[in-house]
Amino acid sequence: MKTFVLIGVLLVVTSAVLGDPLQRGNRIYNGQAASPGQFPYAVGIAPITPITARQVCGGSLVSANFVLTAGRCVHNIERVNVVLGALRIFEETEPTRLQMESNQFVIHSGFEQEPEIFDVALVRLPQAAPIGGNIGIIRLPNRRQVEATFVGQQGTVIGWGTSGTGTTFADQLQFARSQVISQLACRLSLPATTILDEHVCTEGSSSPCAGDYGGPLTITDIDGITTQIGVFSFNSVVGCAQGRAAVYTRMSSYLNWIGQNSDVVIRDDF
């Protein structure tokens with residue numbers, strides 16, 4: 001387990017801290033509004049320092065103490081706000097909304113932003129999240145699924161963004177569903193792009209967009225339990241609304257890394 005030097009503190013901040021970066025770009029394309037408690041593992045991540053125009057990222061609660069996200073979401077960032085249990089993430093009066101500040105990150109040592117590889121990170125919470133109600137833990141794949149492709153299964157991705165092609169962020173959590181496609185189909189959809197075996201892709205009829213980075217891609221597993229198979233990493237350079245594949249970091253390729261750098265217990269079987 002990695003040793004952390006800095007300790008985060010529980011904090012509620014004003015909407016002004018979150019305001020400016022949230023007015024740019026658009027996110028989930030062809031999405032729908034989520035209902036209360038539909039995605040209890042949903043996490044919003046916003047950089048505090050340095051203050052940049054970087055948009056808020058998504059994440060998922062993988063234990064009471066750790067959030068899983070993309071490396072690009074915390075790379076060169078000193079502190080972030082982490083929002084749990086929120087349907088309307090920017091509405092501070094929402095009763096189930098819990099916000100924490102953290103400066104404890106573990107970014108994969110192989111992470112590179114150009115091209116986007118090993119794009120995975122963990123954020124350690126300053127105190128254990130209260131599990132229950134609108135806050136819950138998402139399950140990761142087990143070791144028997146390391147070689148699983150998930151091709152043909154319906155994936156779900158979530159984020160706080162638009163449900164169309166506009167540029168104004170929706171305050172309410174959005175979700176979109178699209179089918180997992182093969183590596184070959186992904187490479188054909190995104191020529192001149194680095195697609196590794198450690199990636200998983202979905203077709204582009206519905207898609208996360210810039211600003212949804214780090215958000216979880218989930219499936220309903222064979223035992224009926226929602227399981228996270230990816231972390232959103234990137235789209236085509238032409239944008240998210242052009243019918244191109246969306247690319248995620250494949251979780252089954254990073255089970256050992258997650259287990260070694262967090263308190264998540266990786267299952268051997270269903």
Are Arg250 and Asp197 within salt-bridge range, i.e. N to O under 4.0 Å? no
Under 6.0 Å between ring centres: does that hold for Tyr248 and His199? no
- Please answer whether the main-chain N or O of Gln172 pairs with a side-chain N or O of Gln174 as donor and acceptor at a distance below 3.5 Å. yes
- Any side-chain heavy-atom pair of Ile158 and Pro216 under 4.5 Å: yes
Practice problem: For Gln127 and Asn65, test the side chains for any donor-to-acceptor distance below 3.5 angstrom and give the result as yes or no. | Solution: no
For residues 34-48, tabulate all N or O donor-acceptor pairs below 3.5 Å that involve a side-chain atom, not counting sequence neighbours.
residue : atom : partner : partner atom : Å
Ser35   : OG   : Gln38   : OE1          : 3.2
Gln38   : OE1  : Ser35   : N            : 2.9

Can you confirm whether Asp212 sits close enough to Ile28 that some side-chain heavy atom of one is under 4.5 Å from a side-chain heavy atom of the other?
yes
Original post:
Is there a side-chain contact between Asn235 and Val247, using heavy atoms and a 4.5 Å cut-off?
Top reply: no
*Would you check if there is a donor-acceptor pair between the side chains of Asp263 and Ser63 at a distance under 3.5 Å?*
yes
> Do Asn30 and Ser206 have side-chain N/O donor and acceptor atoms under 3.5 Å apart?
Replying inline: no
- Message: Is the shortest side-chain heavy-atom distance between Phe270 and Ile222 below 4.5 Å?
- Response: yes
Original post:
Would you call the rings of His108 and Tyr254 parallel, tilted or perpendicular if under 30° counts as parallel and over 60° as perpendicular?
Top reply: perpendicular
Practice task
Ignoring hydrogens and angles, state whether a donor on the side chain of Glu203 or Ser205 is under 3.5 Å from an acceptor on the partner side chain.
Solution key: yes
Next on the checklist: Looking at Gly58, is its backbone amide N or carbonyl O close enough to the side chain of Thr69 to form a donor-acceptor pair, meaning the two atoms are under 3.5 Å apart?
Outcome noted: yes
Test: Arg97 and Glu92 ion pair at under 4.0 Å: no
Task: Heavy-atom check, side chain of Thr218 versus side chain of Ile229, under 4.5 Å - done: no
Please confirm whether Phe232 and Tyr213 have ring centers closer than 6.0 angstrom. yes
**OP:** Would you please say whether a donor-acceptor pair under 3.5 Å links the side chains of Ser189 and Arg244?
**Re:** no
Arg143 meets the salt bridge (charged side-chain N to carboxylate O under 4.0 Å, His left out) criterion, sequence neighbours left out, with Asp268
